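Down below is the structure, laid out as structure tokens.
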Amino acid sequence: MSDNNTKQHLLDQRYLAMARIWSFNSYCERRQVGALMVKDHMIISDGYNGTPSGFENVCEEDGVTKPYVLHAEANAISKVAKSGNSSLGATMYITASPCIECAKLIIQAGINRVVYSDEYRKTDGIDLLKRAGIEVVHVEDELIIK
């Protein structure tokens with residue numbers, strides 16, 4: 001691995017570790033997912049899965065996720081849109097590979113790189129991102145501090 005590739009890999013691991021820490025803000029019991037959006041080496045947005053603003057912080061009912069729970073990626077994209085920042089050309093770091101609905105949002109938001117750690121049971125989101133020409137990188141969730 002070249003020096004640039006090694007540096008990028010370390011950055012990817014560190015941003016994923018930060019996304020993992022951010023996921024702990026989620027009140028969801030079945031799965032906590034975190035997302036960070038990075039552009040020009042700056043975090044421009046973050047998100048975790050949960051209910052919309054103003055709703056109770058309960059994601060599941062009888063072990064089933066409520067239909068209005070937002071995914072971490074959707075929360076990060078919504079948050080950057082409200083901030084006035086542009087996600088065009090950004091990298092999104094996600095603790096789980098995106099579903100197809102979030103993949104569509106990622107494409108429309110102009111994000112050009114997605115880095116994730118945990119594999120989702122379906123690959124249709126990853127397949128769609130690749131079809132759209134978005135760089136997709138799977139990185140094991142292991143933090144190396146140097």
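All values below come from the heavy atoms of this structure, side chains included, with hydrogens, waters and symmetry mates left out. Computed from a prediction, not measured in an experiment: that's the story for all the values here.
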Quiz item: Would you say Leu36 and Ile94 are hydrophobically clustered, going by side-chain heavy atoms of ILVMFWY under 4.5 Å?
Solution: no
Practice problem: Check the pair Ser86, Lys39 against side-chain contact (heavy atoms from CB on, under 4.5 Å), reporting the backbone distance first and the verdict last. | Solution: CA-CA 9 Å; Ser86 172; Lys39 186 173 177 180; 3.8 Å; yes
Which value, rounded to the nearest 0.5 Å, describes the distance between [X] atom [atom1] and [Y] atom [atom2]?
X	Y	atom1	atom2	result
Ser117	Glu140	OG	CD	8.0 Å
Asn57	Asn25	CG	CG	10.5 Å
Gln8	Gln13	CD	CD	11.0 Å
Asp12	Thr91	CG	OG1	7.5 Å

Which atom pair, heavy atoms only, marks the closest approach of [X] to [Y]?
X	Y	result
Ala103	Leu128	CB-CD2, 4.2 Å
Ile44	Ser87	CD1-CA, 4.2 Å
Met92	Met37	CE-CE, 3.5 Å
Gly89	Asn112	O-OD1, 3.3 Å
Ala74	Leu105	CB-CD1, 3.8 Å
Tyr27	Cys59	C-SG, 4.0 Å

Practice problem: List the steps and the verdict of side-chain contact (heavy atoms from CB on, under 4.5 Å) for Tyr48 and Gln32. | Solution: CA-CA 7 Å; Tyr48 51 87; Gln32 293 177 312; over 6 Å; no
Exercise. Let me know which of Glu73, His71, Lys104 forms a side chain to side chain contact (heavy atoms under 4.5 Å, CB included) with Pro98.
Key: Glu73
Practice problem: Give me the one residue out of Thr65, Thr95, Asp118 that meets side chain to side chain contact (heavy atoms under 4.5 Å, CB included) with Arg31. | Solution: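 The single option meeting the side chain to side chain contact (heavy atoms under 4.5 Å, CB included) with Arg31 is Asp118.
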Quiz item: Run the side-chain contact (heavy atoms from CB on, under 4.5 Å) check on Cys28 and Val69 step by step: do they pass?
Solution: CA-CA 9 Å; Cys28 296; Val69 168; 4.2 Å; yes
Exercise. Step through the shown structure and confirm whether more than 12 heavy atoms of other residues, nucleotides or ligands are within 6.0 Å of NZ on Lys122.
Key: no
Quiz item: So does Glu60 have more than 12 non-hydrogen atoms from other groups sitting under 6.0 Å from CD?
Solution: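 Counting neighbours around CD of Glu60, more than 12 heavy atoms of other residues, nucleotides or ligands fall under 6.0 Å, so yes.
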Is there a side-chain contact between [X] and [Y], using heavy atoms and a 4.5 Å cut-off?
X	Y	value
Glu119	Ile126	no
Val38	Val115	no
Ile111	Leu129	no

Quiz item: Aromatic rings Tyr15 and Tyr93: how do their planes relate, parallel, tilted or perpendicular, breaks at 30° and 60°?
Solution: tilted
